[in-house]
Amino acid sequence: MHSGEVDLEALSGGLDLYRTLESGQTYLWRRTDGAMYGGAPAPDEWYYTVVDGAVVRVRSRNGVLEWESSIEADPLVRRLLRLEDDLEAIVAAAPDDPLLDEAYAAHRGMRLVDDPPFGTLISFICSAQMRVDRIHGMVSALARQYGEPVAFDGATYHAFPTPERLAAATEGELRELGLGYRAPYVVRTAEMVADGEAHPAEARELEYEDAREFLKRFVGVGDKVADCVLLFSLGFDQAVPLDTWLKTAIEEHYPDCDRGSYAATSRALRERFGGEYAGYAQTYVFHHLRTRD
DNA sequence: TCCGTAAGGTATCAG
DNA sequence: CTGATACCTTACGGA
């Protein structure tokens with residue numbers, strides 16, 4: 001058992017762990033009380049995930065981020081939760097905009113995540129026309145059924161399945177888990193990765209829009225899902241996924257950004273949101289619109 | 001109790 | 001290249 005702490009007061013812009021992990025960016029973390037999306041956890045509740053066979057759990061209390069793991073996980077925790085991001089500077093550099101200001105003010109401390117690419121790819125293929133709690137349920141079911149069990153501190157945790165394990169699943173099995181029409185997409189994409197035809201991480205080497213096109217070769221991946229994978233797992237902070245919430249925001253707040261096609265509209269909104277860190281702005285606006293009232 | 005609708009869209013097929 | 005349509009499943013609100 002390894003453990004450590006990160007002083008959140010010393011972190012530029014702080015960290016709101018709850019909003020970071022329950023804002024619909026990541027479906028690869030779970031809560032020990034099993035109750036995601038139903039309100040903030042008790043201060044002593046842990047969030048956990050499994051990365052490369054190592055269990056990591058974190059909780060935030062008294063201004064400190066505590067972590068425990070089967071490995072020395074300080075660098076891993078900092079990477080997954082992007083603790084090195086200068087959040088204050090990112091917020092300060094954001095363009096002056098009423099909706100954006102409101103979103104940033106309401107959810108201060110929420111950070112982007114940096115999740116493993118394959119799990120993110122499959123998670124967002126599952127996300128099509130789905131509510132966040134159900135997406136999380138699907139991903140948890142995949143882990144429970146096909147993920148490698150890992151023992152840690154007297155309990156058993158499940159890693160997200162490997163491409164090989166998911167490729168060996170059948171469409172019928174995944175439909176049994178409630179994936180619906182996404183089931184064949186998941187199997188076929190897992191096959192592509194397992195066969196070595198392509199891996200989402202390869203998109204890292206490309207320019208942003210080329211990277212988005214590259215990811216669209218996977219079955220079940222269109223513009224929106226590709227942007228989510230780029231933003232939440234491949235370091236493309238300029239990616240602005242256009243989902244139903246953002247489309248509503250465009251209608252009501254940025255009608256001049258509607259350029260017809262996804263690519264052109266996305267480009268226009270990216271400019272409006274300040275370019276380099278437009279994905280941060282998107283994530284705040286998405287979460288703000290989704291959680292108000 | 002029963003339906004219509006929408007949920008972080010994508011694949012497929014016309015024109 | 002753009003637009004229309006089907007698609008699994010579930011949880012709501014209104015009839």
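Computed from a predicted structure; not experimentally measured.
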Is A/Phe218 close to A/Pro200 at the side-chain level, that is, under 4.5 Å between some pair of heavy atoms? yes
For the pair A/Tyr104 and A/Tyr284, name the ring-plane relationship: parallel under 30°, tilted 30 to 60°, perpendicular over 60°. tilted
Using a 4.0 Å cut-off on heavy atoms, which residues in residues 252-265 of chain A reach DNA chain C? List them by number, or say none. none
Report yes or no: do A/Ile122 and A/Tyr157 belong to one cluster of Ile/Leu/Val/Met/Phe/Trp/Tyr joined by side chain heavy-atom distances under 4.5 Å? no
Stretch residues 269-288 of chain A: residues that reach within less than 4.0 Å of DNA chain B through a heavy atom: A/Gln282, A/Phe286
Would you mind reading off the distance between A/Asp223 atom CG and B/dT10 atom C1', rounded to a whole angstrom? 10 Å
Do A/Arg31 and A/Asp33 meet the salt-bridge criterion of a basic N to acidic O distance under 4.0 Å? yes
Is there a side-chain contact between A/Phe232 and A/Leu112, using heavy atoms and a 4.5 Å cut-off? yes
Close residues, residues 170-196 of chain A, relative to DNA chain C [heavy-atom separation under 4.0 Å]: A/Arg175, A/Gly180, A/Tyr181, A/Arg182
Would you list the pairs meeting side-chain hydrogen bond (donor to acceptor under 3.5 Å, both in side chains) in which at least one residue belongs to residues 177-195 of chain A, sequence neighbours left out? A/Gln129-A/Tyr181
Can you confirm whether A/Arg108 sits close enough to A/Val91 that some side-chain heavy atom of one is under 4.5 Å from a side-chain heavy atom of the other? yes
Distance, rounded to the nearest Å, where A/Ile135 contributes CD1 and C/dC8 contributes P: 18 Å
Report the relative orientation of the aromatic rings in A/His287 and A/His107; use parallel for angles under 30°, tilted for 30 to 60°, perpendicular for over 60°. perpendicular
Stepwise, does the side-chain hydrogen bond (donor to acceptor under 3.5 Å, both in side chains) test hold for A/Asp227 with A/Tyr208? CA-CA 9 Å; A/Asp227 266 335; A/Tyr208 166 57; 2.6 Å; yes
In residues 97-125 of chain A, which residues come under 4.0 Å of DNA chain B by heavy atom? none
According to salt bridge (charged side-chain N to carboxylate O under 4.0 Å, His left out), who are the partners of A/Asp256, at least two apart in sequence or on a separate chain? A/Arg272
5'-to-3' dot-bracket of DNA chain C (Watson-Crick, G-U; under 3.5 angstrom; crossing pairs as [ ]; | other strand): |||||||.|||||||
Look for any protein N or O under 3.5 Å of an N or O in nucleotides 3-7 of chain B and output each such pair with its distance, or none.
from, atom 1, to, atom 2, distance (Å)
B/dA7, O3', A/Met130, O, 3.3
B/dA7, N3, A/Gln129, O, 3.4

Mind running a 4.0 Å heavy-atom check of residues 224-237 of chain A against DNA chain B and sending the residues that fall below it, in number order? A/Lys224, A/Val225, A/Cys228
Mutual orientation of the aromatic rings belonging to A/His136 and A/Tyr27 [parallel < 30°, tilted 30-60°, perpendicular > 60°]: tilted
Please report, rounded to the nearest Å, how far the C1' atom of C/dC1 is from the NZ atom of A/Lys216. 12 Å
Contact list for residues 249-269 of chain A, test ring pair (Phe, Tyr, Trp, His ring centres under 6.0 Å), sequence neighbours left out: A/Tyr254-A/Phe273
For A/Gly220 and for A/Tyr27, find the nucleotide of DNA chain B with the closest heavy atom, then tell me which residue's nucleotide is more 5'. A/Tyr27
Do you know which of A/Glu173, A/Arg165, A/Glu164 makes side-chain hydrogen bond (donor to acceptor under 3.5 Å, both in side chains) with A/Tyr146? A/Glu173
So how far is it from A/Leu230 CG to A/Glu209 CD, rounded to the nearest 0.5 Å? 10.5 Å
Can you name the side chain to side chain donor-acceptor pair (under 3.5 Å) partners of A/Lys216, sequence neighbours left out? A/Glu213, A/Asp223
Identify whether the distance between the nearest side-chain nitrogen and carboxylate oxygen of A/Arg267 and A/Glu271 falls below 4.0 Å. no
Considering only residues two or more places apart or on different chains, which pairs with a residue in residues 45-54 of chain A satisfy side-chain hydrogen bond (donor to acceptor under 3.5 Å, both in side chains)? A/Glu22-A/Tyr47, A/Thr32-A/Glu45
